[in-house]
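Input: a single structure, listed below in C-alpha cells.
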Amino acid sequence: MSGLYEYFSARRRRCEELLAVRLPSAAKPPARLHAAMREACLGGGKRLRAVLAYAAAELCGAQTAAADDASCALEMIHAYSLVHDDLPAMDDDDTRRGRPACHIQFGEAAAILAGSALQALAFATLAESDLLEARKMKMLQILAVAVGSGGMVGGQALEMEGDGGGLTAAALETVQHKKTGALICASVQLGAAAAGCTDEKTLTALTHYGRHLGLAFQVVDDILDHAGAGETETANSVTVLGAACASEKARALRDQAVAALAGLGGNAQRLREIADFVAQREK
C-alpha cells in the first residue's frame, strides 16, 4: 500500500497548508480565540475526511483542487467536534493526540468559543467557494445534515444519554453512525458534490461506501482504545460485542464498503485502498 501512503501524505499536506492560510492568524484579535482555533485544527491527525473528499472528487472526474474547500471544511468541523468532545461536560479528556486538550491549554470558555467559531468558518469556507452556486448549495446541505441533531451532534447526545445504563448493540451502532459515521459519509458525498457528480449510481455507491466505512472506522477505534481503557470505559464495540465479535464486525464492514464500489471500476481503487487502511490501522 505504499502508493496509498504517498497519496495520503500528499493530500494531507495539501489540506494542512490550506488550513494554515485559511484559519485566522493568532496575532489578530481576539488572539486567544484564534490561537485556540489554530491549535485545534493544526495539532495533527490523519486527515482521513479530507483525503476521502479528494478521492471521491477525483473518482468523479474532477481535479484535486475542486475538493479543497470541502476538505478544509470537513477538517474544521472535525476539529470543532474534538474540542467539544474533550470538554468536562462531555467526554472529559485532558489530552488529545498526546498533547493537552484545547480546554486545558486555553480554558473552557475559549475552547467552547473556538469550536463554535470553527463550525461557522467551515460553512463560510463552502459558501465562499469558487464553485458553481448549485454545487455550493448541495455541499452546504450535505454538511449541515451530517453535523446537526440527525448526525454528529445527535450522536453525541445519544451517547451521553446511554452512558448511565449501557447500550444495546443496535443502539450503539446508531450512535456510531451518527457521531462518527455521518461526517465520514459526508466526506465522500462532499467530494462528489464538489465535482458536480449527478450520476445516481455513483452517488448511491459512494453513500453506501461512506456509511460502512464510517462504522468500520469507529469499531476499529474502539478496538484500539480498549486495551488502554480503565474501569471508567464507556460503552463501545468491545464492551458491547466482545473483542472477537468487534474484530469480525470491522472486517465485515470493510468488505461491505468495498462491495459498494463494485460497479465503479478502476477509478475507485483509492477508495478501496482507504477502506483497507481503515480496517488495518494500528493507531
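We use all heavy atoms of the structure for the numbers below, so side chains are in, but hydrogens, waters and symmetry mates are not. What you are looking at is a predicted structure, and each value in this text was computed from that prediction instead of being measured. FYI, the numbering just counts along the sequence from 1.
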> Step by step, would you call Gln119 with Met76 a side chain to side chain contact (heavy atoms under 4.5 Å, CB included)?
Replying inline: CA-CA 7 Å; Gln119 182 185 44; Met76 290 171 186; over 6 Å; no

Answer yes or no: is there a donor N or O on one side and an acceptor on the other, between the side chain of [X] and the main chain of [Y], under 3.5 Å?
{"X": "Arg272", "Y": "Leu261", "answer": "yes"}
{"X": "Arg38", "Y": "Leu23", "answer": "yes"}
{"X": "Ser129", "Y": "Thr125", "answer": "no"}
{"X": "Thr202", "Y": "Thr198", "answer": "no"}
{"X": "His34", "Y": "Ser25", "answer": "yes"}
{"X": "His84", "Y": "Ile112", "answer": "yes"}
{"X": "Thr95", "Y": "Gly98", "answer": "no"}
{"X": "Ser9", "Y": "Tyr5", "answer": "no"}
{"X": "Arg12", "Y": "Arg47", "answer": "no"}

> Do Asn236 and Gln218 meet the criterion of a side-chain donor-acceptor pair at a distance under 3.5 Å?
Replying inline: no

Euclidean distance, [Y] [atom2] relative to [X] [atom1], rounded to 0.5 Å:
{"X": "His78", "Y": "Ile184", "atom1": "NE2", "atom2": "CD1", "result": "8.0 Å"}
{"X": "Asp68", "Y": "Leu18", "atom1": "CG", "atom2": "CG", "result": "5.0 Å"}
{"X": "Asp94", "Y": "Ile104", "atom1": "CG", "atom2": "CD1", "result": "4.0 Å"}
{"X": "Leu118", "Y": "Cys41", "atom1": "CG", "atom2": "SG", "result": "5.5 Å"}
{"X": "Leu42", "Y": "Met37", "atom1": "CG", "atom2": "CE", "result": "10.0 Å"}
{"X": "Ser116", "Y": "Leu121", "atom1": "OG", "atom2": "CG", "result": "12.5 Å"}

NZ/NE/NH1/NH2 to OD/OE distance under 4.0 Å, [X] and [Y]:
{"X": "Glu159", "Y": "Lys178", "answer": "no"}
{"X": "Glu58", "Y": "Arg11", "answer": "yes"}
{"X": "Glu248", "Y": "Arg251", "answer": "yes"}
{"X": "Arg22", "Y": "Asp69", "answer": "yes"}

>> Evaluate Asp93 against Asp85 for side chain to side chain contact (heavy atoms under 4.5 Å, CB included), listing each step before the verdict.
In response: CA-CA 8 Å; Asp93 287 323; Asp85 276 359; over 6 Å; no

Within the structure provided, determine whether [X] and [Y] are in side-chain contact (heavy-atom separation under 4.5 Å).
{"X": "Ile223", "Y": "Ser237", "value": "no"}
{"X": "Glu273", "Y": "Tyr7", "value": "no"}
{"X": "Gln156", "Y": "Val175", "value": "no"}
{"X": "Leu126", "Y": "Lys136", "value": "no"}
{"X": "Tyr80", "Y": "Met152", "value": "yes"}
{"X": "Arg281", "Y": "Leu224", "value": "yes"}
{"X": "Gln105", "Y": "Arg96", "value": "no"}
{"X": "Tyr209", "Y": "Val258", "value": "no"}

>> Check this for me: Lys179, atom NZ, are more than 12 non-hydrogen atoms of other residues, nucleotides or ligands nearer than 6.0 Å?
In response: yes

If you take all heavy atoms of [X] and [Y], which pair is closest and at what distance?
{"X": "Gly214", "Y": "Thr180", "result": "O-CG2, 4.2 Å"}
{"X": "Ile142", "Y": "Ala186", "result": "CG2-CB, 3.9 Å"}
{"X": "Cys197", "Y": "Cys60", "result": "CB-SG, 3.7 Å"}
{"X": "Thr239", "Y": "Ala235", "result": "OG1-CA, 3.4 Å"}
{"X": "Ala205", "Y": "Leu264", "result": "CB-CD1, 3.9 Å"}
{"X": "Leu203", "Y": "Ala192", "result": "CD2-CB, 3.8 Å"}

>> Applying side chain to side chain contact (heavy atoms under 4.5 Å, CB included) to Leu206 and Gln189, what does each step give before you reach the verdict?
In response: CA-CA 7 Å; Leu206 288 173; Gln189 293 174 326; 5.8 Å; no

Hey, quick one: are [X] and [Y] part of the same hydrophobic cluster, counting side-chain heavy atoms closer than 4.5 Å, chains of contacts allowed?
{"X": "Ile77", "Y": "Leu52", "answer": "no"}
{"X": "Phe123", "Y": "Leu190", "answer": "yes"}
{"X": "Val83", "Y": "Leu48", "answer": "no"}
{"X": "Leu113", "Y": "Val153", "answer": "yes"}
{"X": "Leu131", "Y": "Val188", "answer": "no"}

>> Before you tell me yes or no, could you show the steps for His177 and Thr174 under side chain to side chain contact (heavy atoms under 4.5 Å, CB included), namely the whole-Å CA-CA distance, both residues' side-chain angles and the distance that decides it to 0.1 Å?
In response: CA-CA 5 Å; His177 168 65; Thr174 297; 5.9 Å; no

> Can Arg49 be said to sit on top of Phe217's aromatic six-ring, NZ or CZ under 6.0 Å from centre and within 45° of the ring axis?
Replying inline: yes

> Do Phe8 and Phe277 have ring centres separated by under 6.0 Å?
Replying inline: yes

